[in-house]
Amino acid sequence: MSRRVVGIACSPRAGGNSDVLVQKALAGAESACATVELIAVRDSEIAPCQECNACLSSGECPLDDDFPEVLEKLLACDCLIVAAPIFFMSITAYAKALIERCQCLWARKYVLRQPLFPDQQRDRRVMLISVAGTRSEQMFECVTLTLKYWLDVVEMKHVSSLFVNQIDARGDILKHPSALDEALRLGRNLVTGPQPPDKPEVVRLFGGLPDETELPGENST
Ligand SMILES: Cc1cc2nc3c(=O)[nH]c(=O)nc-3n(C[C@H](O)[C@H](O)[C@H](O)COP(=O)(O)O)c2cc1C
């Protein structure tokens, strides 16, 4: 049966660098006969968690917006490709809001003790894509940690990460064919490997554009 792959584009910029990469990765998955779908979170209305704690007793989020529709796809898919550029050393607010709203899954799992997939052990996999304007590899630490914690909640295994530094203006990524090739390859591998690896494959690339921005916390040269 063909695997269902959902790409989640978390940049506010349509046609931006991470959008291009997630589309490439989906094309790679599709070339391995997966069924693919792209969700751009900027096109949905998803508020951050309000910490009302209603989900701790119901397992459901009472907020009335587009989250349930996205959650349904997130739970139904076999593989996710999360594309989140770095904003202030972290994921974008769009990505963060979606992740925070999964607190209802955390409540189901750890408070209400309701298994997410009661009848079956699911092989669910994730590829992470991130791009950053500066050259510091530290930029991707926060996104990796956030993803790790979230994947425990949504019961998915981190298979690969594609991190590209020194990519800033819209379309810069198109001048970087090796990043496009890697996105395609990792997208394909996401669905073809018989077993998810014990450790994610991490590909780090540099755009080679001039880096004029020194941000606090940067220590690589
Ligand atoms: C609000 C904002 C914050 C940013 N913060 C960082 C940052 O902390 N570190 C960095 O390397 N790049 C930072 N960038 C640059 C983006 O990561 C970069 O432009 C990236 O290519 C955007 O990807 P996109 O085209 O997919 O949106 C920031 C950009 C914006 C707009």
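Whatever order the structure lists ligands and atoms in, that order sets their numbers, starting from 1. All residue numbers refer to positions in the sequence shown, counting from 1. In what follows, every heavy atom counts, from backbone to side chain, and hydrogens, waters and symmetry copies are set aside.
- Contact annotation for Ala132 and ligand 1: heavy atoms of both the backbone and the side chain come within less than 4.0 Å of the ligand.
- The number of heavy atoms from other shown groups lying within 6.0 Å of CG (Asp43) is above 12.
- Of all the heavy atoms in Gly15 and Val20, the pair that sits closest is O-CG2, 4.1 Å.
- Remark: side-chain polar atoms of Gln166 are not paired, donor with acceptor, to backbone N or O of Val164 under 3.5 angstrom.
- For ligand 1, none of its N or O atoms has an N or O atom of Asp19 under 3.5 Å away.
- For the residue pair Thr92 and Cys10, the shortest heavy atom distance occurs at OG1-O, 2.6 Å.
- Interface atoms of ligand 1 facing Val131, defined by a heavy-atom separation under 4.0 Å, are 17 (O), 20 (C), 21 (O), 23 (O).
- Within ligand 1, counting atoms from 1 as listed, the ones closer than 4.0 Å to a heavy atom of Gly16 are 25 (O), 26 (O).
- Each of the following atoms of ligand 1 lies closer than 4.0 Å to a heavy atom of Ile86: 4 (C), 5 (N), 6 (C), 7 (C), 8 (O), 9 (N), 12 (N), 13 (C), 14 (N), 15 (C), 16 (C), 17 (O), 28 (C).
- The residue from Ser18, Gly133, Ser90, Pro85 that puts a heavy atom closest to atom 10 (C) of ligand 1 is Gly133.
- The contact set between ligand 1 and Ser11, taken as ligand atoms under 4.0 Å from a residue heavy atom, comprises 24 (P), 26 (O), 27 (O).
- Look at Arg170 and you'll find every heavy atom at least 4.0 Å from all atoms of ligand 1.
- Residues Val202 and Phe140 fall within the same hydrophobic cluster, defined by Ile, Leu, Val, Met, Phe, Trp and Tyr side chains chained together at heavy-atom separations under 4.5 Å.
- Residues Leu71 and Trp106 are members of one and the same hydrophobic cluster, defined by side-chain heavy-atom contacts under 4.5 angstrom among Ile, Leu, Val, Met, Phe, Trp and Tyr.
- Comparing Ile173, Thr134, Asn165 by heavy-atom distance to atom 11 (O) of ligand 1, the nearest is Thr134.
- A donor-acceptor distance shorter than 3.5 angstrom exists from the side chain of Asn165 to the backbone of Ser136, with no hydrogens or angles considered.
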